[in-house]
Number of protein chains: 2
Amino acid sequence: MITLEDIAKQAGVSHSTVSRALANSPLVNATTKAKIQQIAIESGYQVNQVARNLKTRSTKTIGLVIPEVSNPYYPKLIQFIADEVRASGFNLQLHLSGVHQEFEASCIASLYEHRVDGILLVTAENGLVAKEQVKSLSNSQTPVVLMGWIEEAEHFDIVTGNDAHGGSLLASHLLSLGHRQIAIIGKPPHRGIFDRIHGFQSTLKSVGISIQHNLTIPNSLAEEDQEIASTVQFLINLPPPPTAIFA
Amino acid sequence: MITLEDIAKQAGVSHSTVSRALANSPLVNATTKAKIQQIAIESGYQVNQVARNLKTRSTKTIGLVIPEVSNPYYPKLIQFIADEVRASGFNLQLHLSGVHQEFEASCIASLYEHRVDGILLVTAENGLVAKEQVKSLSNSQTPVVLMGWIEEAEHFDIVTGNDAHGGSLLASHLLSLGHRQIAIIGKPPHRGIFDRIHGFQSTLKSVGISIQHNLTIPNSLAEEDQEIASTVQFLINLPPPPTAIFA
DNA sequence: TTGAAAGCGCTACCAG
DNA sequence: CTGGTAGCGCTTTCAA
C-alpha cells in the first residue's frame with residue numbers, strides 16, 4: 001500500500017508537504033504541487049480514509065438502518081437516500097435490521113463503533129425497538145433521525161407522515177362534496193392505517209355523523225383484490241348504498 | 001467520546017491492559033479483567049473501529065457495488081448478501097453505480113480508499129465499465145468478485161450464469177420430447193438472453209433442425225403482456241402451428 | 001501478569 | 001513556502 005511517505009520520498013519533500021499538495025492547499029509552491037500531484041497519479045496513490053478518519057474525527061459516512069428490502073417501499077427509499085448521500089460526498093453504511101427489527105440494536109451499535117457522522121433509522125411495524133440506544137446516542141455527538149412509525153416521538157428527530165391529519169382531510173373533502181353515507185373498508189393492520197381511519201372517523205363525528213357499523217368493513221374481509229371487489233359489490237347493493245367509500 | 005485511556009484511569013491500570021481485557025485475553029488477571037469489563041459496560045464504552053482498523057489494517061467490511069435497486073432482482077441480492085455478511089461478522093458498504101453504471105469507477109475508488117477487505121461488483125447491461133480499476137485492484141491486496149454479465153472474464157473472479165448452456169439444455173429437453181416445430185419469442189435485449197437463445201438455436205441446428213424464421217418473433221413485438229398474448233395467438237394459428245414455444 | 005513504547009497513515013500545528 | 005512533530009485510539013511487541 002502506497003502512502004504519503006512514499007510519495008514524499010520520491011518527490012524529495014516531507015510528507016506534510018505532500019499532504020498539503022494533494023489537498024490542493026495554496027500554501028504549496030505551484031511547481032512542487034504539480035510535481036507531487038503528478039507522482040501521486042502515476043503511482044496510483046489512493047488516500048487511506050481510515051487514517052484520515054481517525055485524524056479528522058469524521059468519517060463522511062452516514063449509517064442507514066432499514067428493516068428489510070423485499071417490501072418495494074424500502075428499495076425506493078434506499079435509492080433516494082443513496083443518491084442524496086453520494087451527491088453530498090458522503091458514503092453509506094447499510095444495515096438491515098430484519099423484518100421484525102430483531103437486529104436493530106446491534107446495527108446501531110456497529111454504526112456507532114464505526115463513528116458514522118449520522119444515523120438514519122427506519123422503523124417498521126414494531127416501532128422503535130432500540131429506544132434506549134437511540135436515547136444514549138442523542139446524548140452523544142451522533143445525530144439520529146428516525147423514519148417510519150414511532151409510538152412516542154419524545155425528543156427524537158423524526159420524519160413521518162401525519163396519518164390522522166390525512167384521514168381528517170379526506171373526511172372534510174368528502175363532507176364538502178355533500179356525502180353523508182360513507183363506507184369504510186379496511187381495519188388497521190398497522191399504526192399508520194389505524195391513524196388514518198381514526199382521523200377520518202373523528203372528523204365525521206365532529207360534524208355529527210355517526211359511524212354506521214354496517215358500512216365499516218374490517219380489513220380481514222378485504223385483503224385480496226377479489227375480496228375487495230365483492231366487498232364493494234356488497235356495499236353498493238345496500239339499501240341505501242353509500243355515496244362514497246373510504247378505503 | 002470515551003476511550004481505552006479513560007477506562008484505564010478509572011481502573012488504575014494501563015490502556016494496554018484494558019485493551020487486552022476487553023479482547024478477553026487470557027493474559028489478564030481474572031479479577032482485573034472482570035473489573036475492567038464492568039467499568040467498560042457501565043461507562044458505555046464502544047470501541048473505536050476507525051482506530052482499530054488503522055492499527056490492524058483490516059476493516060471487516062466488504063463493499064458492494066450494485067447498479068440500482070428498482071429492478072427487484074437487486075434488492076433480493078442485497079438482502080442475501082447483507083445477511084451473509086452480517087452472519088460472518090462483517091459490515092457492508094453499499095454503493096449504487098447507477099442504472100448505466102456511470103458511477104462504477106468512483107464507487108470502486110471510494111471503497112478502496114476505505115480499505116474494505118473485499119469488493120463485490122455487480123455489473124449489468126453495460127458489462128464491466130471500470131475494467132482498468134478492477135485490474136489494478138486485483139494486482140493489489142483487495143479481492144474483487146464480479147457478478148452479472150461480463151464480456152471477457154479474463155483473470156477476474158466471477159460468478160455468473162451459463163446462459164448458453166441453459167438454452168442448450170432447454171433445447172435438448174424439447175427435442176427429447178419429440179418437438180420439431182419450435183417457436184422462439186424474444187430477441188436479445190441484453191447479453192444473457194442473447195446467449196440463451198444462441199445456445200438454444202445451436203443445439204437445434206446440431207441435430208439438423210433449421211431455424212424457421214417465421215417462428216422466431218423478435219422481442220420488440222413482445223414487450224408487453226398483451227403483445228405476448230397476441231403473439232402466441234398468431235403462432236398457434238399458423239399452419240402448421242409450432243408444438244412448443246421457447247420464450 | 002502488567003506497563004512502556006512503537007506505530008498504523010494521516011492532518012495540522014508551530015517554527016523557521 | 002516547508003519540515004518537524006504531535007497525536008487521533010487502538011493493538012502488539014518487548015521487557016520487566
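Order of the sequence lines fixes the chain letters, A, B, ..., with proteins taken first and strands second; residue numbering starts at 1 for each chain. Note: hydrogens, waters and symmetry copies are ignored here, and every other heavy atom, side chains too, is used.
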Extract, from 5' to 3' on DNA chain C, the first and final nucleotides lying under 4.0 angstrom from some heavy atom of chain B. C:dT1 to C:dG9

side-chain hydrogen bond (donor to acceptor under 3.5 Å, both in side chains) with [X]: which residues, sequence neighbours excluded?
| X | answer |
| --- | --- |
| A:Ser97 | none |
| A:Thr142 | none |
| B:Glu113 | A:Gln49 |
| B:Ser168 | B:Thr203 |

At how many degrees, to 10°, do the end axes of the helix from C:dT1-D:dA16 to C:dG16-D:dC1 meet when each uses five pairs? 50°

Salt bridge (charged side-chain N to carboxylate O under 4.0 Å, His left out) contacts in which one or both residues fall within residues 78-90 of chain B, not counting sequence neighbours: B:Asp83-B:Arg86

Tell me the salt bridge (charged side-chain N to carboxylate O under 4.0 Å, His left out) pairs involving residues 2-31 of chain A, sequence neighbours left out? none

Is the distance from OP1 or OP2 of D:dT11 to the nearest side-chain N or O of B:Arg57 less than 4.0 Å? no

Least distance between heavy atoms, [X] atom then [Y] atom:
| X | Y | value |
| --- | --- | --- |
| A:Thr123 | A:Tyr74 | O-OH, 4.3 Å |
| A:Gly199 | A:Ser202 | O-OG, 3.3 Å |
| B:His114 | B:Thr59 | O-CG2, 3.5 Å |
| A:Val50 | B:Leu54 | CG1-N, 3.5 Å |
| A:Leu146 | A:Phe156 | CD1-CD1, 3.6 Å |

Applying a 4.0 Å non-hydrogen cut-off, can you work out what A:Thr3 is touching in the nucleic acid: base, sugar-phosphate, or nothing? sugar-phosphate

Within residues 34-52 of chain B, those residues having any heavy atom closer than 4.0 Å to DNA chain C are none

Output one letter per nucleotide in nucleotides 1-7 of chain D: B when a protein non-hydrogen atom lies under 4.0 Å from the base, S when only the sugar-phosphate is that close, - when neither is. BBBBBBB

Would you kindly give the CD-to-P distance between B:Glu5 and D:dC10, to the nearest whole Å? 9 Å

Exercise answer: donor-acceptor pairs, residues 26-40 of chain A side-chain atoms, under 3.5 Å, sequence neighbours excluded:
from	atom 1	to	atom 2	distance (Å)
A:Asn29	OD1	A:Thr31	N	2.8
A:Asn29	OD1	A:Thr31	OG1	3.1
A:Asn29	OD1	A:Thr32	N	3.1
A:Asn29	OD1	A:Thr32	OG1	3.1
A:Thr32	OG1	A:Asn29	O	3.4
A:Lys33	NZ	A:Asn24	OD1	3.1
A:Lys33	NZ	A:Ser25	O	3.1
A:Gln37	NE2	A:Ala21	O	3.2
A:Gln38	NE2	A:Glu42	OE2	2.8

Can you list everything that forms a salt bridge (charged side-chain N to carboxylate O under 4.0 Å, His left out) with A:Lys135? Sequence neighbours excluded, please. A:Glu132, A:Glu154

